[in-house]
Amino acid sequence: MWGRFRKAGGRVADALRTERKAGEGKRPHNLFEAAAAYVTACADDDRARADEAAGWVSPEALSFGVNELACRAVIALARERGESPETVARDVLGLPAA
């Protein structure tokens, strides 16, 4: 019975610890870091870097992050140009004006 308490207490202590364990050198990447690294690697035509960034998170999370990055980029560019996001998106993609 005391073994169970020691085991449970150890788990609680591990959860509350703020310093990293010996094998935990770096924090994990979040989906926005992965999306930014993936998109910039693709823009630089660096397949190895893109593959590395794609491995940091699940494909679904990467897709969400890339979508969020695209939305924010179009909005920022639209504000900078004084145009609508639709106009900017179509221009960036090389589509005719709607």
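- In terms of heavy-atom proximity, Ala34 sits nearest to Val57 at CB-CG2, 3.7 Å.
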All N/O donor-acceptor pairs, side-chain side in residues 62-71, below 3.5 Å, sequence neighbours left out:
| unit_1 | atom_1 | unit_2 | atom_2 | d |
| --- | --- | --- | --- | --- |
| Glu68 | OE2 | Arg72 | NE | 3.0 |
| Glu68 | OE2 | Arg72 | NH2 | 3.4 |

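- The side chain to side chain donor-acceptor pair (under 3.5 Å) contacts involving residues 28-37 comprise Arg27-Glu33, where partners must be two or more places apart or lie in separate chains.
- Screening residues 88-98 for side chain to side chain donor-acceptor pair (under 3.5 Å), with sequence neighbours left out, gives Arg81-Asp91.
- Evaluation of the ring-ring contact (aromatic ring centres under 6.0 Å, His included) test over residues 79-98, restricted to residues two or more places apart or in two chains, returns none.
- Checked against side chain to side chain contact (heavy atoms under 4.5 Å, CB included), Ala36 has no partners two or more places apart in sequence or in another chain.
- Atom CD in Glu60 sits 4.5 Å away from atom OG in Ser58 (nearest 0.5 Å).
- Screening residues 34-46 for side chain to side chain donor-acceptor pair (under 3.5 Å) gives Asp44-Arg49 as the qualifying pairs, with residues at least two apart or on separate chains.
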